[in-house]
Undergrad: 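My questions will all concern the structure given below.
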Amino acid sequence: MIYQGKQKIWADYQKEIPDDHWFYVRSCIRQNFFPGAERMFLEICRGVLGRDFYETPSHTTCGGIAYHCDTIPQETVMTIVARQFSLMTEAGYENYVASCITSFGNYIEILETWNEFPELETRIRELLWKACRREFKKPKYVAHASDLIYKYRNLIAEKARYRLVNARTGEPLKVVEHIGCHYSKMFPSKGVGGAEYPYVLCGMVEAWGGSVVDYPERRHCCGYGFRQYHVKANRGYSLSNTYKNFESMEPYHPDMIITNCPGCPYFLDRWQYVIAETEGKTYGDNGYGIPVFTYEEVAGLVLGYDPWDLGLQLHQVAVEPLLDKIGIPYRPEDKYKGVDRKELMKPELPGVLRCC
Amino acid sequence: MIGMAFVLTYCVFALGRIFFQLPGADRKRFLVSLVTPKTMLKNVRDIFCDCLLHVKIWKRNKLLGYMHSSIAFGWFMLIVVGHIEVLLYTPHRVKLFYYPIFFRYFVAEDEHTMKGEVLFFLMDFFLLVVLSGIALAMIKRLRSRLFGMRRTTRPSLLDMVGLYSLWAIFPLRLLAESFTANISGGSFLTRSINHLLTPLLGDQASVLPWWWAYSCALGIFFVVLPFTRYMHIPSEILLIPLRNAGIKIRNARKGLAKTQVYSCPGCGLCIDACPMSVQKANTRDTTVYLNRQIRRGNEKRIEEISDKCLLCGKCTAVCPVGVEGDRLRIAQRSVRRYGINPDYTSIDTSPLTVDSRGKVLYYAGCMTALTPSIKKAMESLLRKAGIDYELMDKDGGICCGRPMWMAGRIDQARQMMKKNTEIILSSGADTLLLTCPICYRIFKEKYRLDGIRIVHHTEFIEGLVSSGRLALGAEDRTFVYHDPCELGRGCGIYEQPRNVLRKVGSLVEAEKNRRESICCGGSVGSLTLGFDKRRVITQNALDNLTVASPDVIVTACPLCLDTFRRYADRKVEDIAETVDRNTRTQTRTS
Amino acid sequence: MDNIFGFKLSPSSTIDMDKVDFTLFDKLHELEPDAWKCMACGSCSATCPAGTFSGMSLRKVLHCLQRGKQKEAVNMLRCCMLCGKCSIVCPRGINTRHLILSICKLYKED
Amino acid sequence: MKQNIVIVGGGIAGLEAAKRLLRLGYRPIIVEKQDRLGGHVAQWHCLFPDMTPAGEVVSGLIRDTAEANIFLETEISFMNRLRDGYNIMLSNGISVIARAVLFTTGFSLFDAAKKEEYGYGVYDRVITNGDLEHWFNTGSDKRVDGGEIRAMGFVHCVGSRDEKARNSQCSKVCCITAVKQAIEMKKKFPDAAVYCFYMDLRMFGKKFEDFYISAQRDYGIRFIRGRVSEVSEDIDGRVVVKAEDTLAGKPVKVKLDLLVLMSGMVCGRDTESLASMLRLPVDTDGFFKSRNNVSAVVQSPLEGIFYAGACTGPKTIPETLAEADTAALEIVSFLYRS
């Protein structure tokens, strides 16, 4: 791999990301799977870095899941998105940041479609008006939340208490960065670093001391694939795609996986358990799996937040081996305690995958 | 003496082996045929004509015929007359089989004492005949072209030994007898040489070595005989009754096949006959070499030679002893083992069955599907003749099985035949019409379609013409008719197409025609000859066809048509097309 | 489904050329040099009478062998009638019948 | 003869036209921006279909044009139309008044790095057809020499027939070039498996099909019909190529020690700037637009401006040379006319 070659490509795909004043919309599913992630994002942006991120409880789904599952027509998803934009307009913002990759892709796709077919935009404005008497301005900038953490990566590194380095050997951790498909595969120029070698997570990993693993199937979908997972008959196919990823990264012995999509960490994490139970195969050392994180969780870890406050106990694959590698202290006995040390109850342990 | 004893035991032993290698039914058939007066007579006649007089070779080439019959018949007569002498003069010695051979050595009597001038004359006469044959053989070895043979077989080492000892026998006998002519008598030949030699070489001292030399040559010849091509002499005597008994090749190496292989005299007539021989590289793949390799057991070469052959059957047609080069090769192919064995049992024949009760069922076949002009012309003729017909393979059918058979995969071919038989029998047709000789041959030879007339379109058209159902016009063109291998040599149909063509225009003949027709080169018989290697063969066949400068080359086989059309410099068509063009549409009076 | 999840890994349809064993095909190439000559025009398959009754396609057979899918190839060949139409229509002059017989000789059914 | 003819571009088209004009008694001026003559062809190794050494062709042309006025490392700074001719200002300060100008500006090789998914410039063992010709000539390229070559592949149509790469045209010569290079590589590495990933094989020229058959039959080159969709690098640095085997309707993947990208011919980098000086039209493919694509390929819509070779579209070498000769004759007859 010629690193300069990648740098050249990264240089070609840089996008403008305003530093401040963002209208933040959440993902439908992330809070269930990785409850600490979005909270951490706002905590870092607002609390740690003092930026203005506005959020309204009136916002809804962007319609992306239903759209990609072919259950609603394009006009519907566009009208939902138009309503989201109207909330932003009402709140007085021009920069729109989405927590979800599919939402981000959805917004970009819709805005590009409106550029190509202005009559469609007019029609959607009519539909929105008919439906809820709202009007909107299109956002000036649309970003994904990982774009902002990427933008703030060096600021975070300055404040970091830990680095993505093996404390014992001093070697940088080997990190697999997994980018959500909808981030830049549809519109390469809308993602940091383009579609072939997106730089958004690479930049964070490099800034925080890790080294990125370029494994052959790095572009491959995590396996979610919407209908592939939601329809149970297709679920084996979803699993197979995840398996393909792990088989391909296995020879590199990665220490961790960092993701920027709601679905990817979920499927890369949970399917490791299913692969272990059905195929008897695990990918980490000593029967453990490879821990999977959202970029907000990783940012929280390097900034020194308590792992259990970040919600890492909700991961299927145990994170403790990684915490030990970095040298982050944690109290094993507090793992299954929630807010205010409330007992969450210990889950049943799987048969093959080692979890503690 | 040792030689003769060896050869006799060898022959008896081999005979027994071959006999017991025959399948039970064939064995019985053979024995029955031996005692049936009719076949017995035929056997004796064939053995006399073929083995001694070489009638077949006479028919081909007088000089070659004389050469062979002079040696064989002459020698035979020497033996017969020798025995008569022994019987007449020393009847008590008749049981010693060597006695007549060396009669002149043992018996010190002359023509006067024995009053047998006639016999002495006969002995000398036949010796001269044999010697003239030997002389011709020597000339042939040096200049085969004088005998009309472009190429002749390259003999093996043992063949050479056999050959030279055979050549030596008779001059030595002449010399030996000449030396003793003054003692034991002689006639015009031996006596005069005796007069000539005596002054030169003295007398008694040199007698014994010559007799020894003669006896050695004879001994060597008989000892090496089983290992040389001269084995054909005893083998052929067995082959003739086997053939007359109607026995077929059932095993690649045993029984009839073995007899045929050993009956091959290595004359090399098949080399010039073989259409592949236009390329020098192929001459060693002709039947004579196949026989030699089978005798040597060289499996690699046997496979190569067997697979390359076009199976045109011409070597069989020209072979003086009746080695069936094509059938022998199919037999060699049939012993091959395959990892993949096709199976057609799952094919449902009912959708392929057309109700053809009382009609003609026309099976165009695979190849005709690629030469639609034939099918179109044939259908047009059927309509013009007002014949009710149905197409058996309108949307493709099951292959007749002949190409598979030729590849030696008999079981697979039989499976296809079974399917086609089902289709044909349940169609209710009374006639099966074929435009492809490849199909025709297997339908005729191997299918059991009792009560159904199997007819090739050449015969069928001739029938329609002679019965007046087709009214032919004529055109001002000369035709040459190419006999497709499977139709001519394969099924014996030569005259029917010619009779029709003569009515349509003027007919000229190819240089080699009918039984000697040259394969077009497109045959599915050859397994290994690639497309590029066939071109010269086709060109050679075309050259043969066009010696009389015909306007049109007419054939009766879709594969010949397709092959010739590719390279021909003039029109090539199927006989159905020729006839259809020259047939008026009949207005049927109702 | 024999596990508690009710689903499992589905087999990959990807042809992995690195896993294709060319030993037999190389032998085939020795027996019949035309083995690599096919340009996949499909004439043979279109004219094949066995194709009417089965999935026989010489083009596919060759292709399958070149991709290590021997089983599929063998299954198709089990329907070949060796009639020789393919050898007539092949624009590349491939000696198809010899090719087929050579495959039948080298490869095994199972 | 005071009738100046300026030839812009000293590749084979320019040299051939100059040779023809010299023989007809003219002394053309050749303007070449590089420091050498011969253009792209001077860097190739052998030419299909007879494996003629490219160097021989070029050196022969250079020898035959020694009498011409040649300016190396010179570009056209400025050019404008006069009443009966053209005023050309060269970058070396010389200004020429020419009655006729022949553009033989040729083509550019598509920048394979633009097809990011193939990893040119990123993976250690991905090169282009141009790089391979260079390697044939010099024998040194660490991407080729880096290790044992057990398997290698050629990707056809890189940047050609590709609207995303903004080149919808077929580059014409890459198919046969790939086959030629595949054979050359197979000769050098007889035990290597050599793959060609193609969409269509366009073997249009004399003896091209023979080449293709020979590649299959004699060299066992494995042709896979399907465009490579992505390339990655495995832990050993080998490239993993993924395509669809469209004849099987299944995805195919293979690990290779060397991947050669068949970069296509695209319009020359200077085409647009040169065209704008005289407001010459450029065709939809970015090449100069001939007066007529059938009957007046060497003529531009402007009197006195002529084209030859790959500046009007991808061409083979014989086509280029033939066009150069035609253009020379057209120029001469134009000078006689006016």
Side-chain angles (χ1 to χ4, degrees), chain C residues 10-46 55-76 87 90-96 98-99 102, chain D residues 150-153 175 179 182-183 186 190-203 208-226 228-232 234 236 238-257 259:
Chain C
S10 39
S12 169
S13 63
T14 301
I15 302 163
D16 187 345
M17 292 302 288
D18 301 318
K19 297 208 173 106
V20 178
D21 181 1
F22 276 96
T23 327
L24 274 181
F25 198 84
D26 288 342
K27 271 194 197 148
L28 179 67
H29 188 231
E30 269 171 42
L31 280 182
E32 180 49 68
D34 287 350
W36 274 115
K37 215 173 150 192
C38 170
M39 56 172 175
C41 71
S43 306
C44 50
S45 318
M56 172 62 192
S57 156
L58 182 57
R59 167 185 83 73
K60 282 193 199 161
V61 167
L62 272 178
H63 191 271
C64 284
L65 293 181
Q66 289 169 6
R67 302 290 182 267
K69 295 182 177 295
Q70 305 186 358
K71 210 174 162 186
E72 286 176 36
V74 166
N75 279 338
M76 281 188 261
S87 69
C90 178
R92 279 279 172 93
I94 295 176
N95 190 354
T96 55
H98 187 238
L99 193 56
S102 303
Chain D
R150 283 163 294 167
M152 64 165 303
C175 282
V179 171
I183 291 176
K186 187 78 184 174
D191 297 328
V194 180
Y195 295 89
C196 280
F197 295 92
Y198 69 98
M199 296 195 284
D200 294 295
L201 281 172
R202 302 188 163 183
M203 296 293 161
F208 288 10
E209 186 72 12
D210 297 352
F211 236 80
Y212 171 35
I213 296 175
S214 164
Q216 286 180 293
R217 188 188 155 107
D218 307 330
Y219 296 94
I221 311 275
R222 301 170 188 178
F223 288 86
I224 296 184
R225 187 180 181 278
V228 170
S229 63
E230 61 178 61
V231 177
S232 17
D234 78 351
D236 305 318
R238 301 181 83 197
V239 278
V240 184
V241 171
K242 283 194 197 174
E244 189 200 348
D245 183 346
T246 59
L247 295 176
K250 298 220 165 68
V252 62
K253 73 168 186 189
V254 61
K255 276 186 191 172
L256 303 172
D257 299 302
L259 186 68

Undergrad: Going by heavy atoms in the side chains, are L247(D) and R59(C) under 4.5 Å from each other?
TA: yes
Undergrad: Please walk me through it: do M39(C) and L201(D) pass side-chain contact (heavy atoms from CB on, under 4.5 Å)?
TA: CA-CA 10 Å; M39(C) 56 172 175; L201(D) 281 172; over 6 Å; no
Undergrad: Please find the pair of heavy atoms, one from H63(C) and one from A248(D), that lie closest to each other, and give the distance.
TA: CE1-CB, 3.4 Å
Undergrad: Got Q216(D) and R92(C) here, is their nearest side-chain heavy-atom distance under 4.5 Å?
TA: yes
Undergrad: Identify which part of C64(C) has an atom lying under 4.5 Å from any heavy atom of chain D, answering side chain, backbone, both or neither.
TA: neither
Undergrad: Among residues 217-224 of chain D, which residues come closer than 4.5 Å to chain C, judged by heavy atom distances?
TA: R217(D), G220(D), I221(D), R222(D), F223(D), I224(D)
Undergrad: OG1 of T14(C) to CG of D245(D): how many Å apart, nearest 0.5 Å?
TA: 11.0 Å
Undergrad: For the atom pair CG (D16(C)) and NZ (K242(D)), what is the distance rounded to the nearest 0.5 Å?
TA: 11.0 Å
Undergrad: What do you reckon, is NZ of K60(C) surrounded by more than 12 foreign heavy atoms closer than 6.0 Å?
TA: no
Undergrad: Just wondering, are more than 12 heavy atoms of other shown residues or ligands nearer than 6.0 Å to NZ in K69(C)?
TA: yes
Undergrad: Considering residues, nucleotides and ligands other than K37(C), do more than 12 of their heavy atoms fall under 6.0 Å from its NZ?
TA: yes
